[in-house]
J.: 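Have a look at the structure that comes next, please.
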Protein chains: 2
Amino acid sequence: MFQQNLSLTVDAVVFGYDAKDGLSVLLIKRLLAPFKGHWALPGGFLLAGESLEKAVERELEEETGIKVNYLEQLYTFGKPDRDPRKHVVTVAYYGLVRRNLFELYAATDAEDAQWFNIKELPPLAFDHNDIFKMALERLRGKIAYQPIGFELLDEEFPLPDLHRLYETLYGKKIDRRNFSKKILQLDILEDLNKFQPHAGRGRPSKLYKFNRAKYFALKAEGMVFEV
Amino acid sequence: MFQQNLSLTVDAVVFGYDAKDGLSVLLIKRLLAPFKGHWALPGGFLLAGESLEKAVERELEEETGIKVNYLEQLYTFGKPDRDPRKHVVTVAYYGLVRRNLFELYAATDAEDAQWFNIKELPPLAFDHNDIFKMALERLRGKIAYQPIGFELLDEEFPLPDLHRLYETLYGKKIDRRNFSKKILQLDILEDLNKFQPHAGRGRPSKLYKFNRAKYFALKAEGMVFEV
DNA sequence: CCAAAAGTGTTGGTAGTACACCCATGA
DNA sequence: TCATGGGTGTACTACCAACACTTTTGG
């Protein structure tokens with residue numbers, strides 16, 4: 001039924017964050033050729049009648065056991081030679097996940113599944129290094145004007161964690177006090193009147209929660225999220 | 001070969017601008033089913049071994065005779081039911097063109113090709129209205145921090161034209177004087193020391209040209225384009 | 001000579017940046 | 001009791017928004 005001799009896949013760049021380890025990406029070790037034994041982004045063929053998002057979620061579930069809590073289309077890569085076998089077009093997504101919610105496991109096409117710090121990525125299969133780079137760029141840009149950073153943190157998080165996340169992504173120091181002020185005056189965080197337990201030295205930090213409903217209400221009134 | 005019972009197409013939302021008519025989109029009237037006789041975005045099937053951009057440019061050339069001077073991937077639409085026949089995934093692009101450079105003609109799958117003002121679009125085939133909406137959104141957003149507006153104007157243009165373009169896209173009045181200041185102090189426009197001939201009433205406006213090389217040089221030094 | 005459109009300059013408010021002090025905990 | 005990290009407040013500055021006057025053309 002197909003006049004075209006080409007295939008369509010989906011791939012996902014899944015980011016996870018940890019206050020200590022920083023920003024990481026989820027990779028799988030390929031069980032099949034081509035690039036057997038190489039690290040790659042999780043992904044696979046789109047099934048007929050299946051939506052793109054469904055395909056991404058299915059492949060992630062199958063290969064790594066992870067469910068992302070934010071997923072957004074990144075870009076479609078279609079260079080004819082990006083797969084050595086034939087012309088394979090891939091629709092890439094990037095996702096955000098709370099790392100500590102899941103225990104990774106490897107299955108189906110994956111021999112292994114692991115988190116890699118974004119500073120220490122191995123060489124990836126196909127053009128996956130390019131895809132990763134673009135995803136990081138997109139995340140870096142998007143986090144400045146969309147409240148998606150919260151999707152990487154625990155439901156209840158201390159401000160310093162958010163601060164560190166932004167410093168990591170922007171790759172530069174941000175004044176702690178100005179950052180606080182900016183975020184808090186947006187009035188989209190709920191003060192939980194609780195404290196981070198036993199976080200090591202220093203004064204314990206207060207815990208906050210992102211108030212999604214309030215964010216959308218304020219946004220509708222013209223409030224602009226900008227960090 | 002192909003285990004998947006689905007197809008891959010490309011579609012293009014091509015914008016044109018005219019100081020009098022405002023912002024327009026290029027549409028074709030479909031010669032074939034489905035949606036025969038309906039207006040639609042130009043586009044068609046990707047050929048195996050062909051890059052996505054090439055496919056867009058080929059289809060545009062074939063169906064309308066136009067060559068865009070800016071082309072950027074927009075989004076990939078893959079809902080299984082977006083085409084009544086079968087599952088067709090389409091990679092949508094949006095393009096910018098200097099309208100007066102081309103004489104439209106219709107060919108191959110198109111019975112007709114015409115510019116439509118964005119305020120007066122007919123109902124479109126498939127999910128093309130959604131695609132158009134997203135393209136307009138993207139253009140509106142992108143023009144604020146990327147110097148792509150110039151791609152819609154003549155090579156040599158007066159500032160008021162650029163001003164009107166921004167007003168059209170943002171859908172609101174922008175102070176003429178502040179706009180001038182902002183653009184000129186970026187120092188990326190070359191003053192041609194020429195004037196717009198016989199433009200009707202009033203003082204003739206000076207002509208400028210976008211200095212692409214200077215833009216990239218300044219950008220490398222940290223200059224930020226923002227309108 | 002009047003109206004319309006374009007060029008240029010000044011001011012005040014505000015938001016962002018730089019910066020300092022105090023507080024609560026673990027060792 | 002000291003070091004470490006977290007909470008909060010103030011002053012300066014630079015940029016943006018609001019606004020007025022002059023210049024050049026066509027009718």
Side-chain angles (χ1 to χ4, degrees), chain A residues 18-20 22 143-145 153-154 156-168 170-209 218 221-227, chain B residues 18-20 22 143-145 153-154 156-168 170-209 218 221-227:
Chain A
D18 184 279
K20 291 194 310 294
I143 205 174
Y145 62 96
L153 305 178
D154 291 332
E156 308 188 343
F157 62 89
L159 269 196
D161 274 16
L162 189 67
H163 178 236
R164 265 187 292 272
L165 172 60
Y166 274 90
E167 284 195 336
T168 304
Y170 292 165
K172 64 172 186 186
K173 287 264 166 258
I174 303 171
D175 186 90
R176 190 169 55 87
R177 299 153 288 191
N178 293 333
F179 182 81
S180 270
K181 222 184 310 168
K182 212 169 189 175
I183 297 288
L184 291 178
Q185 82 188 4
L186 290 172
D187 199 28
I188 55 176
L189 293 191
E190 189 179 337
D191 187 338
L192 297 170
N193 292 309
K194 288 198 290 184
F195 295 87
Q196 181 84 331
H198 75 285
R201 288 262 261 255
R203 181 172 175 172
S205 36
K206 295 208 270 182
L207 289 176
Y208 290 91
K209 188 176 165 177
L218 290 173
E221 292 171 20
M223 176 271 272
V224 184
F225 181 91
E226 242 252 89
V227 184
Chain B
D18 185 279
K20 290 195 310 298
I143 205 175
Y145 61 95
L153 305 178
D154 292 332
E156 307 190 343
F157 63 89
L159 269 196
D161 274 16
L162 188 68
H163 178 235
R164 264 188 291 272
L165 172 61
Y166 275 89
E167 284 195 335
T168 304
Y170 292 164
K172 64 172 189 188
K173 288 261 166 264
I174 302 171
D175 186 90
R176 188 171 54 86
R177 300 155 285 192
N178 292 334
F179 182 81
S180 270
K181 221 183 311 168
K182 213 167 186 175
I183 298 287
L184 290 177
Q185 81 188 3
L186 288 174
D187 198 28
I188 56 176
L189 293 191
E190 190 178 337
D191 186 339
L192 296 170
N193 293 309
K194 290 197 290 186
F195 295 88
Q196 182 84 328
H198 73 287
R201 286 264 260 258
R203 180 172 176 173
S205 37
K206 295 207 268 183
L207 289 175
Y208 290 90
K209 187 175 167 179
L218 289 174
E221 293 170 19
M223 178 270 272
V224 184
F225 182 90
E226 242 253 86
V227 184

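Each chain gets a letter, A, B and so on, in the order the sequences are listed, and its residues count up from 1.
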J.: Atom CD of B/Glu167 and atom P of C/dA6: how far apart are they, to the nearest Å?
T.: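 Spelled out: CD on B/Glu167 to P on C/dA6 is 11 Å.
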J.: How far does NZ of A/Lys182 sit from CZ of A/Phe225, to the nearest 0.5 angstrom?
T.: 10.0 Å
J.: How long is the line joining CG of B/Asn193 and C1' of C/dA6, in whole Å?
T.: 16 Å
J.: Name the residue closer to the 5' end of DNA chain D, choosing between A/Ser205 and B/Lys182 according to the nucleotide with the nearest heavy atom.
T.: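 First, find each residue's nearest nucleotide; the 5'-ward one identifies A/Ser205.
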J.: B/Leu184 CG to C/dG7 P: how many Å, rounded?
T.: 9 Å
J.: Report the distance from atom CZ of B/Phe179 to atom C1' of C/dA5, rounded to the nearest whole Å.
T.: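 Taking CZ of B/Phe179 and C1' of C/dA5, I get 16 Å after rounding.
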J.: Nearest-nucleotide wise, let me know which of A/Arg177 and A/Arg203 is further upstream toward the 5' end of DNA chain D.
T.: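 Final value for this comparison: A/Arg203.
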J.: Output the single nucleotide from D/dC16, D/dG7, C/dA27 whose closest atom is nearest the side chain of A/Arg201.
T.: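 Out of D/dC16, D/dG7, C/dA27, the nucleotide with an atom closest to A/Arg201's side chain is C/dA27.
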J.: Which whole-number value in Å describes the distance from B/Ile183 CD1 to C/dA6 C1'?
T.: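 In whole Å, C/dA6 C1' lies 16 Å from B/Ile183 CD1.
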J.: When the distance from CZ of B/Arg176 to P of D/dC19 is rounded to whole Å, what number comes out?
T.: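 So the two atoms are 14 Å apart, to the nearest Å.
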J.: Which is true for A/Lys206 with a 4.0 Å heavy-atom rule: it touches a base, it touches only sugar-phosphate, or it touches nothing?
T.: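 If one applies the 4.0 Å heavy-atom cut-off, A/Lys206 turns out to touch the sugar-phosphate alone, with no base involved.
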J.: Is a side-chain N or O of A/His163 found less than 3.5 angstrom from the main chain of A/Ile174, in a donor-acceptor match?
T.: yes
J.: Can you check whether B/Leu207 reaches B/Asn193 side chain to side chain, under 4.5 Å on heavy atoms?
T.: no
J.: Nearest whole Å is fine: how far is D/dG5 C1' from A/Leu207 CG?
T.: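 Nearest whole value for this atom pair: 15 Å.
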J.: Send over the distance from A/Asp175 CG to D/dA11 P, rounded to a whole Å.
T.: 17 Å
J.: Step by step, would you call B/Phe157 with B/Tyr208 a ring pair (Phe, Tyr, Trp, His ring centres under 6.0 Å)?
T.: CA-CA 5 Å; B/Phe157 63 89; B/Tyr208 290 90; 7.0 Å; no
J.: Got a donor-acceptor pair under 3.5 Å from the side chain of A/Lys173 to the base of C/dT17?
T.: no
J.: Should the pair B/Lys172-B/Glu167 be classified as a salt bridge under the 4.0 Å nitrogen-to-oxygen rule?
T.: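 No, no charged N to carboxylate O under 4.0 Å.
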J.: Counting side-chain heavy atoms from C-beta on, which of D/dT24, D/dA18, C/dA18 comes nearest to B/Asn178?
T.: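 For the B/Asn178 side chain, the nearest candidate turns out to be D/dA18.
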